[in-house]
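What you see is a predicted model; the values in this text were computed from it and never measured. So you know, we letter chains A, B, ... as the sequences are listed, proteins then strands, and number each from 1.
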2 protein chains.
Amino acid sequence: MGSGKTTSFHIALMAGVSQATVSRALRDSPLVSEATREKVKQIARDLNYQVDRSAAGLRSGQTRTLATLLFEDETATDNSVNPYFLSMLGHITRAAARRDYDVLVAFQQLSENWHQHYEISNRADGIILLGYGNYVSFEDKLDRLRRDDAHFVVWGASGPGLDGRTVGCENRLGGEIATRHLLSLGRKRIAFFGEKDERCPEFRDRYAGYEDALAAKGIEVDPDLQFDARGKESLGAAAVERLLASGTRFDAIFAASDLIAIGTIAALREAGLSVPGDVAVVGYDDIHAASCITPALTTVRQDPRAAAGALVDLLLTRIAGGKGDSRQLPPQLVVRNSCGGVKI
Amino acid sequence: MGSGKTTSFHIALMAGVSQATVSRALRDSPLVSEATREKVKQIARDLNYQVDRSAAGLRSGQTRTLATLLFEDETATDNSVNPYFLSMLGHITRAAARRDYDVLVAFQQLSENWHQHYEISNRADGIILLGYGNYVSFEDKLDRLRRDDAHFVVWGASGPGLDGRTVGCENRLGGEIATRHLLSLGRKRIAFFGEKDERCPEFRDRYAGYEDALAAKGIEVDPDLQFDARGKESLGAAAVERLLASGTRFDAIFAASDLIAIGTIAALREAGLSVPGDVAVVGYDDIHAASCITPALTTVRQDPRAAAGALVDLLLTRIAGGKGDSRQLPPQLVVRNSCGGVKI
DNA sequence: CTGAAAGCGCTTACAG
DNA sequence: CTGAAAGCGCTTACAG
C-alpha cells in the first residue's frame with residue numbers, strides 16, 4: 001500500500017464503492033448487496049486487511065472484549081491460583097472466541113483498584129470474576145461495580161445483590177452426593193475439611209449437603225468432625241494434624257476442594273495411614289491433578305466447560321441489556337480410587 | 001456529568017486548562033507544570049475519570065496490550081494445556097501489569113489463522129507464544145509474522161530465524177543435571193522418555209544433556225533406553241508399557257516433562273514396581289502437581305516467574321524498536337522423593 | 001509551559 | 001441498497 005497501513009478507504013477505492021459500504025460489507029450488514037459484499041471481502045482478504053479495533057471501538061463504544069479477573073490471595077507466597085480457575089479461563093477464552101470476543105486477563109489482589117479499571121476505560125465490555133467466592137470481603141468492590149453500571153458476572157454461590165449475576169454449582173447437592181458416596185461404602189465417621197461460615201458460601205453449602213446426607217441416614221452431625229481449611233494443600237495437611245491431635249475417631253474425610261483433598265491424602269500417608277484402607281477421601285472440583293495422584297481422587301466434578309459457557313452467555317446477555325438468570329450447574333460424582341470399594 | 005461519559009474536555013473545563021494539557025498531565029508529561037498536573041489529576045480522581053483506551057489507541061497507534069497465545073493440541077480431547085504454561089501466563093500478566101500493559105489471552109490451535117489477528121487489527125502491540133516449541137510445524141506461521149513485521153517472542157529453544165526472539169531454559173544443562181543426579185544415586189540403566197528429534201528441540205537438548213552426563217561417567221548411551229513421549233501423562237504411561245514389553249533392563253527414568261513423569265510413575269506402580277525403590281524417576285518443569293504426587297517428584301525447575309519477566313522484557317524491547325537478546329535461563333534441580341537416597 | 005487544530009480509522013445517523 | 005458527512009475521545013505536531 002505504499003505508505004502507511006491499509007484502511008477501509010483503500011478497500012473502498014479498489015472496490016469502487018464508498019468507505020461506509022466497505023464498513024457495512026465487512027460486518028455482514030444486510031444493507032449491502034450480496035455482490036458488493038463478496039467483492040469487498042475478497043479485496044480485504046487479498047490486501048490482508050483487518051479492521052482497526054481501536055477505531056471501531058471508539059466509534060461504536062464497544063470493544064468486543066471481555067475481562068476475566070482471577071482473584072489471587074495476597075497471603076500466598078507462591079502466587080498460586082486454584083488450577084480449577086485456570087482451566088476455566090481456558091474454556092472462557094474459547095467460549096468468548098466462538099462469539100467473536102477477545103479476553104483480557106488479570107490476576108488481581110484484593111487491595112487493587114480493579115473495580116473501575118476495565119469498563120470505564122473502555123478496555124472491555126464486561127467483566128467475569130473468578131475466585132471471588134467470599135462475598136463478604138468483596139462487598140465494597142461489587143457495590144462499586146454496580147454503581148458504575150458495570151457489566152459483570154461472578155462464578156460462585158448466589159448472594160445478596162447478585163441476582164442474575166452468578167453461575168455456580170449446586171453445592172449443597174454436591175456435598176450431599178459426596179457424603180452419600182462415603183456412607184454407601186460403609187463409612188460412618190466422616191470428617192469435613194472446609195470452613196462453613198458466611199465467608200465461604202460455597203463451602204458452607206457443601207457442608208449443608210453433608211448434613212443432609214447424614215440426616216437422611218439418621219446419623220447425628222458431630223461438630224468435632226468439622227475442621228477449617230481454605231483452598232490450599234498445606235491447609236488440608238494442617239487439618240489432618242489437628243484431626244489426629246484431637247483424638248476424634250474417623251474413617252473418612254470429605255474435603256471441600258481437591259486442593260485440600262490432595263494435601264489431606266499426602267498428610268495421612270505421612271502419618272502412616274492408608275488411603276482408602278484406613279481413611280476414605282473425597283474431594284471437590286475435579287482438577288487435573290485429581291486423576292494424577294495416588295490413589296486417584298474420587299471427587300465431585302464441576303464441569304468447567306459448561307461453567308465457562310454459562311458465564312460468557314450470561315455476561316453477553318447483560319451487555320446486550322438483558323437481565324439474565326443466575327444458573328446452578330449440576331455436580332457430578334467422579335469415582336476413582338480414594339474411597340475404596342470400587343473396581344475400575 | 002449530566003449526559004454521557006466523562007471526557008478529558010470535562011476535566012479541562014473544570015481545571016481551567018485546555019484539553020491537550022489534561023491529556024499531557026495525565027500521562028505525566030514533563031511539559032506540564034507540577035501545579036497543573038496535580039490539579040488535573042485531582043479532578044480526574046474526583047470524577048472517576050479514566051482515559052478511553054480506544055481513543056488513545058487510535059490516535060497513538062499503541063494499545064499498551066500484549067497478546068499471549070497458548071498453543072493447544074487439537075488432538076487433545078480434553079482441551080488440556082500444559083499447566084506449566086498456565087502458571088507462566090499468570091506471571092506474564094503480573095509482569096505486564098507492572099509495566100502498565102494489559103494482557104489478551106487466547107488458546108489457539110495450529111489450524112487457526114492467528115498470525116494476523118492481533119497486531120494488524122490493533123488489538124495488541126506484540127505477541128508472546130507459549131507452547132510453540134515445535135518450530136517445524138510453525139515455520140509458516142512464524143514466517144508470516146516476520147513478514148508482517150509483527151512484534152513477537154517465543155518461549156522455547158532458540159531456532160533458525162529466531163535470534164532475539166526466544167526465552168528458554170538451558171535444556172542441555174538441565175538434562176545433564178537430572179541425569180547426573182540419578183547417576184550420583186547409583187542408578188546405571190537410565191531410560192529417557194521423550195522425543196529427541198528436530199520437532200521437539202527442547203526435548204532434544206535435554207537428551208543431549210543426558211548423553212553428556214553418561215559420557216562423563218564413561219557409560220555408553222543405549223539407544224534402546226530412549227522412548228518417544230510427548231507432554232501428556234497417558235504418553236508417559238504408554239512409554240512404560242513399551243519399556244516393560246521390551247525386556248530392557250532399567251533402574252531409572254528421566255522423563256522430559258513432569259506430565260510424562262507423572263504418567264510414568266502411575267504406570268510403574270500399576271505394574272507393581274515401587275518408586276523409587278525399583279525405579280527412580282526424575283521429571284522436568286516443576287509444575288504444581290509435581291510436589292503433590294506420591295512420591296513427590298524430583299524434577300528440574302524452570303522458574304516461570306523469571307521466564308515470564310524475561311519474555312515481557314524482551315517483547316517490550318522489540319516493540320520499542322530495539323533488537324533484544326535471546327535468553328537461556330538456568331535450570332535448577334529440585335530434589336524430592338522420587339529418586340530415593342535422600343532424607344528431607 | 002500552554003493552547004488551537006488536525007487527524008487517527010472507523011460506525012452511524014441522515015438523505016436519497 | 002448506497003454515499004456524504006459527522007463524530008467517537010484522544011494524542012501530537014505546530015505555534016507561541
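- Within the structure, a side-chain polar atom (N or O) of B:Ser8 is placed less than 4.0 Å from OP1 or OP2 of D:dC10.
- Straight-line distance from the CZ atom of A:Arg27 to the C1' atom of C:dC10: 9 Å, rounded to whole Å.
- Remark on DNA chain C: of its neighbouring residues A:Phe9 and B:Val17, the 5'-side contact belongs to B:Val17, judged by nearest-heavy-atom nucleotide.
- Between A:Arg144 and A:Asp148 there is a salt bridge, since at least one side-chain N of the basic residue sits less than 4.0 Å from a carboxylate O of the acidic one.
- Put simply, A:Tyr49 has a side-chain N or O that comes within less than 4.0 Å of OP1 or OP2 on C:dC10.
- Between B:Thr21 and the phosphate of C:dG3, there is a side-chain N or O to OP1/OP2 separation shorter than 4.0 Å.
- Listed pair A:Ser23 / C:dT12 fails the phosphate criterion, with no side-chain N or O lying under 4.0 Å from OP1 or OP2.
- Under the Watson-Crick or G-U wobble criterion, with both distances below 3.5 Å, C:dG16 is paired with D:dC1.
- Using a 4.0 Å cut-off between a side-chain N of Lys or Arg and a carboxylate O of Asp or Glu, A:Asp28 and A:Lys41 qualify as a salt bridge.
- Judged by the 6.0 Å distance and 45° axis criteria, B:Arg165 is positioned over the aromatic ring of B:Phe152.
- Residue contacts for B:Thr36: at a heavy-atom cut-off of 4.0 Å it reaches the sugar-phosphate backbone alone, with no base atom in range.
- A straight line from CG of A:Asn122 to P of D:dC10 spans 9 Å, rounded to a whole angstrom.
- Across C:dC1, C:dG9, D:dG9, the shortest atom-to-atom separation from the side chain of B:Leu31 is found for C:dC1.
- If you take CZ of B:Arg59 and C1' of C:dC8, they are 6 Å apart, rounded to a whole angstrom.
- Regarding B:Ile11, its CD1 atom lies at a distance of 12 Å from the P atom of D:dT11, rounded to whole Å.
- Judged by atom type and distance alone, A:Arg24 reaches the base of D:dG3 through a side-chain donor-acceptor pair under 3.5 Å.
- Taking both residues in full, the closest heavy atoms of A:Leu66 and A:Ala96 are given as CD2-CB, 4.2 Å, listed atom of the first, atom of the second, then distance.
- For B:Asp143, the CG atom sits in a packed shell: over 12 heavy atoms of surrounding residues, nucleotides or ligands are nearer than 6.0 Å.
- Between the P atom of C:dC8 and the CG atom of A:Leu58 lies a distance of 13 Å, rounded to the nearest Å.
- We find that A:Lys5 and A:Asp52 are joined by a salt bridge, their nearest charged nitrogen and carboxylate oxygen being less than 4.0 Å apart.
- Straight-line distance from the NZ atom of A:Lys39 to the P atom of D:dT2: 9 Å, rounded to whole Å.
- Summarising the geometry, the separation between NZ on B:Lys5 and P on D:dC8 is reported as 11 Å, rounded to the nearest angstrom.
- Proximity of B:Arg37 to the phosphate of C:dC1: no side-chain N or O atom is located under 4.0 Å from OP1 or OP2.
- In this structure, the CD atom of B:Gln19 is 7 Å from the P atom of D:dC10, given to the nearest Å.
- When each of C:dC10, D:dT2, C:dG3 is scored by its nearest atom to the side-chain atoms of B:Ala20, the top-ranked nucleotide is C:dG3.
- For B:Ser18, taking side-chain heavy atoms from C-beta onward, the closest of the listed nucleotides D:dT2, C:dA4, C:dG9 is C:dA4.
- Mapping A:Ser60 and B:Ser60 onto DNA chain D by nearest heavy atom places A:Ser60 at the nucleotide closer to the 5' end.
- Within 4.0 Å of B:Ala56, counting heavy atoms only, lie sugar-phosphate atoms of the nucleic acid but no base atom.
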